[in-house]
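Within every chain, numbering begins at 1; the chains are lettered A, B, ... in the order of the sequence lines, protein sequences first and strands thereafter.
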Number of protein chains: 2
Amino acid sequence: MSLRNERIRLSAADWEAGALAMIAEQGVNALAVEALARRLGVTKGSFYWHFPTREALLKATLQRWEAGDEHDLDARIASITEPRARLRELFQWVAREVQPHRAYAALLQAMDQPAVMEVMGRVSQRRMDFLERSYREVGMAEAEALHRARLAYAAYVGFLQLTLIPDLPRLSHEQFEAYVDHVIATLVPD
Amino acid sequence: MSLRNERIRLSAADWEAGALAMIAEQGVNALAVEALARRLGVTKGSFYWHFPTREALLKATLQRWEAGDEHDLDARIASITEPRARLRELFQWVAREVQPHRAYAALLQAMDQPAVMEVMGRVSQRRMDFLERSYREVGMAEAEALHRARLAYAAYVGFLQLTLIPDLPRLSHEQFEAYVDHVIATLVPD
DNA sequence: CGTTTACCATACGCATACGTACGGTGTATT
DNA sequence: AATACACCGTACGTATGCGTATGGTAAACG
């Protein structure tokens, strides 16, 4: 038969990429084997050749996402030497590029699954440590830097959650910029 | 047969209360009809006498929760006239009493379900409006009050999320108090 | 050119969870 | 006391989604 004109041959990486896209768009719960297979134009007979189980796909996808996330942070933010500028750039980064944070927001809503919880624990700890070091570099005492890092990270996580509530009035571009400026002014010293 | 010694006769309100407890403990996804029936010591034959569907139970439970939430806010916080004291009391309230916020945190993780999304939209808007009014009362300009309200609410939501990540080091009581003091000092003027 | 390998389709088994049908029992009502 | 009603148990039908078994096909390889 073969109705499809373009021959499709997938690798494990293709499945992981599709899974990540599906998570970002519809959440972890929507990550079903057969749905993903349809999305990729094949059937699940293909899937179970690449992965032994759905759980294996999820873990591989999370691992890939975590590595990419860490890489982005290192490349864009950690390279900035001046701590205040680094913090400002961090806030503006998460403000400008919404797309990479959709997956993070989706994973926040799936913490009941152990595999997700494990990754989010590591990622959150790493980000908060990064924030804490930056705040210490601008002269904050140990305890204060820790608290401010926690507050800043909570503000980030909470903001992502709020963007997921469609009933809330969406921010226009100017409002959004003004909000980010306000956050920076409030949470970044000087 | 009737192995149970105590006769159990339930009302719709009993089912709603049980559902709310189940949501707070294990999340919205864990709210299954037969599981809840076991928890209440009956079978699902009982459930479908009180409710036509699982969705109906969820909506009724959410409605009950929303009413209680609004009542608590009015009784404890809104009655405080001095705006700065009101804001401080608000932060300390959500800090001291963790239990009432478990349901809120659980609902945050179930935003993919339309019924949940609708309620969370209303509740979030109401809370942010309340924060904005309070900030305006302490003398903030309109735009700044709006931004600060958003930031404060995001910090609340994010903090709840972070408490759900068990891999993160838990805060001791003193650390927790110090953190709340830091948040108040940072987000409440003067 | 024949065979192995990599990838995929189809059909099936099975568990979970919703919802339905219907019969049963205790309590209230007349 | 007889009947109706409120509440519950049991058995069943059905949909979904995971995982398995097995056969098929195109491309790579000897």
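- Side-chain proximity of A:R9 to the nucleotides D:dC18, C:dC18, C:dC7 is greatest for C:dC7.
- If you measure from atom CH2 of A:W49 to atom C1' of D:dG23, you get 17 Å, rounded to the nearest angstrom.
- The side chain of B:R54 lies closest to C:dG19, out of C:dC8, C:dG19, D:dG19.
- Classification of B:R126 and B:E70 as a salt-bridged pair holds, one side-chain N sitting under 4.0 Å from a carboxylate O.
- You'll find that the side chain of A:K44 is closest to D:dT20, out of D:dG17, D:dT20, C:dC8.
- Out of C:dC12, C:dC18, D:dG9, the shortest distance to the side chain of B:S46 is found at D:dG9.
- Taking only side-chain nitrogens and oxygens, B:H50 comes nearer than 4.0 Å to OP1 or OP2 of D:dC8.
- Between B:W15 and B:F51, the gap from one ring centroid to the other reaches at least 6.0 Å.
- Between A:H101 and A:Y156, the angle of the ring planes goes over 60°, which puts this pair in the perpendicular group of the 30/60° scheme.
- Distance from the side chain of B:V42 is smallest for D:dC8 among the nucleotides D:dC8, D:dG17, C:dC18.
- Among the nucleotides C:dC7, D:dT10, C:dC18, the one closest to the side chain of B:T43 is D:dT10.
- Taking the centre of each ring, B:F176 and B:F159 come in below the 6.0 Å mark.
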